[in-house]
Novice: 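Below is a structure I'd like to ask you about.
Because only heavy atoms are used, hydrogens play no part in the values below, and waters and symmetry mates are left out as well, while side chains stay in. Whatever order the structure lists ligands and atoms in, that order sets their numbers, starting from 1.
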Amino acid sequence: MADDKTTNEFMDKLVALCKRRGFIFQSSEIYGGINGFWDYGPLGVELKRNIKEAWWQDMIVRRDDMVGVDCSIIMNPKVWEASGHVVNFNDPLVDCKNCKARYRADKVWAVTAKDGDNVLLNVGAEPEGDEPKAVYAAALEKANSKTRRRIEEHADKITWWCERADRLPADMTGICPNCGGPLTDARKFNMMFKTTIGAMEDSSAVAYLRPETAQGIFANYKNVLDTTRIKPPFGIAQIGKSFRNEINPRNYTFRSREFEQMEIEFFCHPNEADKWYEYWRDTRYKWYTDLGLTSSKLRLRPHEKEELAHYARACADVEYQFPFGIAELEGVANRTDFDLKAHQAASGKDMTFFDDETKERYIPFVIEPSGGVDRATLAFLCEAYTEDEAPDENGKMQSRVVMKFHPRLAPTKVAVFPLVKKEGMPEIATKIHQDCKKAGLTSFYDEKGAVGRRYRRQDEAGTPFCITVDGQTLQDQTVTVRDRDSLKQDRIAADQVTKFVKDRLLGAQE
Ligand code: GAP
């Protein structure tokens, strides 16, 4: 079952594990939660921090052509006017006239399945993704078992028709996926969260919570050029919270109203933009595979011409096969000089770069790899979840859930156990645990219950190494180290534990 990660059952298991083990909680759960907002628990926050740290290390620290910034969430509203967000950051909204459910019109489809002239199915569906296969599958879920069987049995004779609610012919009405009722016509809904600044609450006090971190980078592009010796080609990176008043948050943390982004704006000469676009598209795809997302579940999908924003010259999405469908993890776009030109025009500030060597003045083109931290976290959680068997303390095989995180991402790097709570074993184990913590490793000390149960708890948390202090430790100062994935146990010197774990983490980073 854990091999098939494309089912609702798999998603339910993952969500249950995330709650049980403290990866992800519903925000404000004690008050019934709040739609589109999530909290990360003790294990989740470590996982998420490790993802962000891996990104920061790999995209900034290890490179000479990248620098970082950390900008405010609330910016001068003129930023959002210049960027086009005030006018254009809209989703098409439709309501069901019957049950009042609310949808994004570009996410709801009307689907008909016919056998000759005989209409077998005429429903509203809300698939994740635009592919006909996903749309038909979401529609089939609305069919009763008899209709579904009939469609499946006569698959070769069935003709399908489907269209998005925002692209329906004028004489057609959208169908509600919830109750089958009629949908209203689509209307525009701006997704930016509004707030007011200061004591007055009139229109002059209106400001927005940023819907992307990118604009803080553009607004600081001149500051960075002026205060560092960096010059194109170079990039500015930022990790931070973004906020979007999503009409229909769904699929767990995948589409939330508050989320984190990790974004790069890479500035280069217009003549080199195509080359840098390809470079970043491939680099970002590889980053995910290097950290353990299998390439069979990951794909790079170049956008069709019609899909491209008017200012974009090229765009590709890194997509992952989530249990609810193939969906975007990150977008990489060649945004041309659109953003800098827009800010130059609106602010009156010069955004050109003068190249001392070539004596050329130009507005750089921008390549933007823009990823979501929460989506990456969800993908790594899906990928890590594994069910297999491991022997208990009597050597009997027992089924286990194990989170096979890449060691760099694992929330807890090492767990330390005394085999029994006597004979000085807890003291030795406590010292190893403290040494690990001092060395900057997240370490967990556990002396309660059978050792097999303790291993099992760490497997569920995804801890790559478990250290056990046993009778032999008292004789020769060695401990066992158990590998989470291979279950292999080796003996190493007790005073070499931190080095052993650190070496393996470094090895995993090469
Ligand atoms: N600056 C470009 C930009 O923001 P985007 O495609 O709207 O582009 C980039 O967002 C990434 O941010 C997405 O690929 C996704 O990972 C993440 N993201 C966007 N909306 C999100 C949401 N509602 N919930 C979680 N992550 C989201």
Novice: List ligand 1 atoms under 4.0 Å from S256, heavy atoms only on the residue side.
Specialist: 22 (C), 23 (N), 24 (N), 25 (C)
Novice: I want to know if ligand 1 touches R255 in the polar sense, i.e. an N/O pair below 3.5 angstrom.
Specialist: no
Novice: State, with a plain yes or no, whether a side-chain heavy atom of K413 is found less than 4.5 Å away from one of L505.
Specialist: yes
Novice: Taking the basic N atoms (NZ, or NE/NH1/NH2) and the acidic carboxylate oxygens, is any pair closer than 4.0 Å for R299 and E131?
Specialist: yes
Novice: Using distance alone, decide if ligand 1 has a nitrogen or oxygen within less than 3.5 Å of any nitrogen or oxygen in R244.
Specialist: yes
Novice: Kindly compute the distance separating CG (N334) from CD (E278), expressed to the nearest 0.5 Å.
Specialist: 10.5 Å
Novice: Should the pair K48-D374 be classified as a salt bridge under the 4.0 Å nitrogen-to-oxygen rule?
Specialist: yes
Novice: Quick one: do R301 and E328 make a salt bridge, cutoff under 4.0 Å?
Specialist: no
Novice: Does only the side chain of R257 get under 4.0 Å from ligand 1, or the backbone, or both, or neither? Count heavy atoms.
Specialist: neither
Novice: For atom 25 (C) of ligand 1, grab the closest protein heavy atom and report residue, atom and distance to one decimal in Å.
Specialist: F254 O, 3.1 Å
Novice: If I apply the N/O under 3.5 Å rule, does P211 come out as touching ligand 1?
Specialist: no
Novice: Does any part of the side chain of L183, heavy atoms only, come nearer than 4.5 Å to the side chain of Y103, both counted from C-beta?
Specialist: yes
Novice: Give me the nearest non-hydrogen protein atom to atom 15 (C) of ligand 1 as residue plus atom name, then the distance to 0.1 Å.
Specialist: R375 NH1, 3.4 Å
Novice: Heavy atom under 4.0 Å from ligand 1: found in L329's side chain, backbone, both, or neither?
Specialist: backbone
Novice: E246 versus ligand 1: do any nitrogen or oxygen atoms come within less than 3.5 Å of each other?
Specialist: yes
Novice: Please report which non-hydrogen protein atom sits nearest to atom 17 (C) of ligand 1, along with the residue it belongs to and the distance in Å to one decimal place.
Specialist: G372 CA, 3.7 Å
Novice: Among E263, Q261, M262, which one puts a heavy atom closest to atom 12 (O) of ligand 1?
Specialist: Q261
Novice: Numbering the atoms of ligand 1 from 1, which are under 4.0 Å from a heavy atom of E368?
Specialist: 1 (N), 2 (C)
Novice: Do the side chains of K107 and E126 get close enough for a salt bridge, i.e. N-O under 4.0 angstrom?
Specialist: no
Novice: When you measure from atom 18 (N) of ligand 1 to every protein heavy atom, which one gives the shortest distance, and what is it?
Specialist: F259 CE1, 3.5 Å
Novice: Is any NZ, NE, NH1 or NH2 atom of the basic residue among D95 and K100 found under 4.0 Å from an Asp or Glu carboxylate oxygen of the other?
Specialist: no
Novice: Nearest protein heavy atom to atom 3 (C) of ligand 1, by residue and atom, and its distance?
Specialist: S370 OG, 3.5 Å
Novice: Taking the basic N atoms (NZ, or NE/NH1/NH2) and the acidic carboxylate oxygens, is any pair closer than 4.0 Å for E460 and R20?
Specialist: yes
Novice: Any N/O of A214 closer than 3.5 Å to an N/O of ligand 1?
Specialist: no
Novice: Do the charged groups of E260 and K52 touch, with an N to O distance under 4.0 Å?
Specialist: yes
Novice: Find all atoms of ligand 1 within a distance of less than 4.0 Å from any non-hydrogen atom belonging to E328, and give their numbers and elements.
Specialist: 6 (O), 13 (C), 14 (O)
